[in-house]
**Q** 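One structure, as structure tokens, below. Some questions next.
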Amino acid sequence: MRALRAFAFGTFLICQGVLGSVPALAQSLGTVVSPILTIESDRFYAQSAFGKRVASEIEAEGAILSAENRRIEADLTAEEKALADQRAEMDPQAFRALADAFDEKVQTIRRTQDAKARALNLRNEAERTTFVNTAGPVLEVLMRDAGAAVILERRSVFLSANAIDVTDEAIQRMDAAFGDGSQLPKE
């Protein structure tokens, strides 16, 4: 156990030595120069013009779906109340047929609305996949410019110098190259 701690501490010191020089070098050149870069992929997507456009569109479509669901719920509630009010005056078998038809109608509407919500989620996932695929060449150029061999997800890195985080630079380059992505062909 002591050997493992010594190894981990030694590795930490080596990383500190390697990464410790990165901020000064990066500042002197005006850009990050490092064999290892990090990125916050969620922020890269969410704060890019592409991600903001998608979020805005999904939010708008979600609001429309929510309003539609509220209207449907109000209509079904009124229909259910009217059906309940008729119950005392109806033959039990006739009422049962109407109640069963109403239940089937509710289930059909629920399936339809659930399918719309799933389609909205699938669209959101598809847009993110398009973003990731489109971002690949942008990130490759960024890596080349920095002399990097790898870009790691920042959340997966135990410790790093902030200077090797290229999220802001990646957002700027992605926005410059593709804007909000609305002109990209749909996959």
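Not measured: the values here are computed from a predicted model. FYI, side chains are in, hydrogens and waters are out, and symmetry mates aren't considered; it's all heavy atoms of this structure. Residues: numbered from 1 along the sequence shown.
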**Q** Any idea which heavy atoms bring Leu142 and Ala170 closest together, and the distance?
**A**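 Nearest heavy atoms, Leu142 then Ala170: CD1-N, 4.1 Å.
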**Q** Quick check for you: to the nearest 0.5 Å, what is the distance between Ile164 atom CD1 and Thr38 atom OG1?
**A**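 Rounded to the nearest 0.5 Å, the CD1-OG1 separation comes out at 4.5 Å.
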**Q** Please check this pair: side chain of Ser48 against backbone of Gly51, looking for a donor-acceptor N/O pair closer than 3.5 Å.
**A**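 Yes; judged by distance alone, with no hydrogens or angles, the pair exists.
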**Q** When rounded to the nearest 0.5 angstrom, what distance separates CG in Asn69 from CD1 in Ile64?
**A**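 Spacing of CG (Asn69) from CD1 (Ile64) equals 12.0 Å.
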**Q** Not counting sequence neighbours, which residues clear side-chain contact (heavy atoms from CB on, under 4.5 Å) with Glu104? List them please.
**A**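 For Glu104, the residues satisfying side-chain contact (heavy atoms from CB on, under 4.5 Å) (neighbours in sequence not counted) are Thr108, Arg111.
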**Q** Look at the side-chain heavy atoms of Ile, Leu, Val, Met, Phe, Trp and Tyr, link any pair under 4.5 Å apart, and say whether Ile36 and Val157 land in one connected group.
**A**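 Yes: a chain of side-chain contacts under 4.5 Å links Ile36 to Val157.
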**Q** Tell me which pairs pass side-chain hydrogen bond (donor to acceptor under 3.5 Å, both in side chains) where either residue lies in residues 174-184, with sequence neighbours left out.
**A** Asp180-Ser182
**Q** Salt-bridge test for Arg53 and Glu57: reply yes if a basic N is under 4.0 Å from a carboxylate O, no otherwise.
**A** yes
**Q** Give me the other members of the hydrophobic cluster that Ile72 sits in, counting Ile, Leu, Val, Met, Phe, Trp and Tyr linked by side-chain heavy atoms under 4.5 Å, directly or via other members.
**A**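 Leu76, Leu83, Met90, Phe95, Leu98, Phe102, Val106, Ile109, all in the cluster of Ile72.
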**Q** Please check if the number of heavy atoms outside Arg87 that lie under 6.0 Å from its CZ is greater than 12.
**A**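 Open.
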**Q** What is the minimum heavy-atom distance between Ala49 and Gly179, and which atoms define it?
**A**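 So the two residues come closest at CB-O, 3.5 Å.
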**Q** Tell me every residue that passes salt bridge (Lys or Arg N to Asp or Glu O under 4.0 Å) with Arg128, counting only those two or more places apart in sequence or in another chain.
**A**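 In terms of salt bridge (Lys or Arg N to Asp or Glu O under 4.0 Å), with neighbours along the sequence ignored, Arg128 is linked to Asp42.
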**Q** Applying side chain to side chain donor-acceptor pair (under 3.5 Å), can you list everything that pairs with Thr77, at least two apart in sequence or on another chain?
**A** none
**Q** Under the rule for side chain to side chain donor-acceptor pair (under 3.5 Å), what residues qualify as partners of Glu79, not counting sequence neighbours?
**A** Lys105
**Q** Restricting to pairs with a member in residues 39-66, which pass ring-ring contact (aromatic ring centres under 6.0 Å, His included), not counting sequence neighbours?
**A** Phe44-Phe131, Tyr45-Phe131, Phe50-Phe131
**Q** Shared ILVMFWY cluster between Ile58 and Leu122, side chains joined below 4.5 angstrom?
**A** no
**Q** Taking the side chain as everything from C-beta on, heavy atoms only, tell me whether Glu169 gets closer than 4.5 Å to Val138.
**A** no
**Q** Can you name the residues that form a side chain to side chain donor-acceptor pair (under 3.5 Å) with Arg70, not counting sequence neighbours?
**A**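 So Arg70 forms no side chain to side chain donor-acceptor pair (under 3.5 Å) with any residue.
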**Q** Between atom CD of Glu125 and atom CG of Leu120, what is the distance when rounded to the nearest 0.5 Å?
**A**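 It is 10.5 Å, given to the nearest 0.5 Å.
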**Q** CZ of Arg173 to CD1 of Ile171: how many Å apart, nearest 0.5 Å?
**A** 13.0 Å
**Q** Side chain to side chain donor-acceptor pair (under 3.5 Å) with Glu153: which residues, sequence neighbours excluded?
**A**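 Here the qualifying residues are Ser41.
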**Q** A quick test of your reading: do over 12 heavy atoms of other residues, nucleotides or ligands sit less than 6.0 Å from CD of Glu59?
**A** no
**Q** May I have all residue pairs that pass ring-ring contact (aromatic ring centres under 6.0 Å, His included) and include part of residues 53-76, sequence neighbours excluded?
**A**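 Every candidate ring-ring contact (aromatic ring centres under 6.0 Å, His included) pair involving residues 53-76 fails, so no pair, neighbours aside, qualifies.
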**Q** Using modelled atom types and a 3.5 Å cut-off, is there a donor and acceptor pairing between side-chain atoms of Ser66 and backbone atoms of Gly62?
**A**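 Side chain of Ser66 to backbone of Gly62, a donor-acceptor pair under 3.5 Å: yes, one is there.
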**Q** Below 4.5 Å, heavy atoms only, C-beta onward: do Met174 and Thr134 meet side chain to side chain?
**A**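 A side-chain contact under 4.5 Å exists here.
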**Q** Do the non-hydrogen side-chain atoms of Thr130 and Val54 ever get within less than 4.5 Å of each other?
**A**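 Contact flag for Thr130/Val54 side chains = no.
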**Q** About how many Å separate CD of Gln47 and CD of Glu40, when rounded to the nearest 0.5 Å?
**A** 8.0 Å
**Q** To the nearest 0.5 Å, what is the distance between CZ (Arg71) and CG (Asp75)?
**A**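 CG of Asp75 is found 5.5 Å from CZ of Arg71.
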**Q** Checking one residue: Leu65. Which other hydrophobic residues are in its cluster under the side-chain 4.5 Å linking rule?
**A** none
**Q** Partners of Asp114 by side-chain contact (heavy atoms from CB on, under 4.5 Å), sequence neighbours excluded?
**A**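 Arg110, Arg118.
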**Q** Determine, step by step, whether Glu140 and Arg144 satisfy the salt bridge (Lys or Arg N to Asp or Glu O under 4.0 Å) criterion, reporting the C-alpha distance in whole Å, the side-chain angles of both residues, the deciding distance to 0.1 Å, and the verdict.
**A** CA-CA 6 Å; Glu140 286 175 15; Arg144 193 171 342 132; 5.3 Å; no
**Q** Of the non-hydrogen atoms in Ile39 and Asp165, which two are nearest, and what is the gap between them?
**A** CA-OD1, 4.5 Å
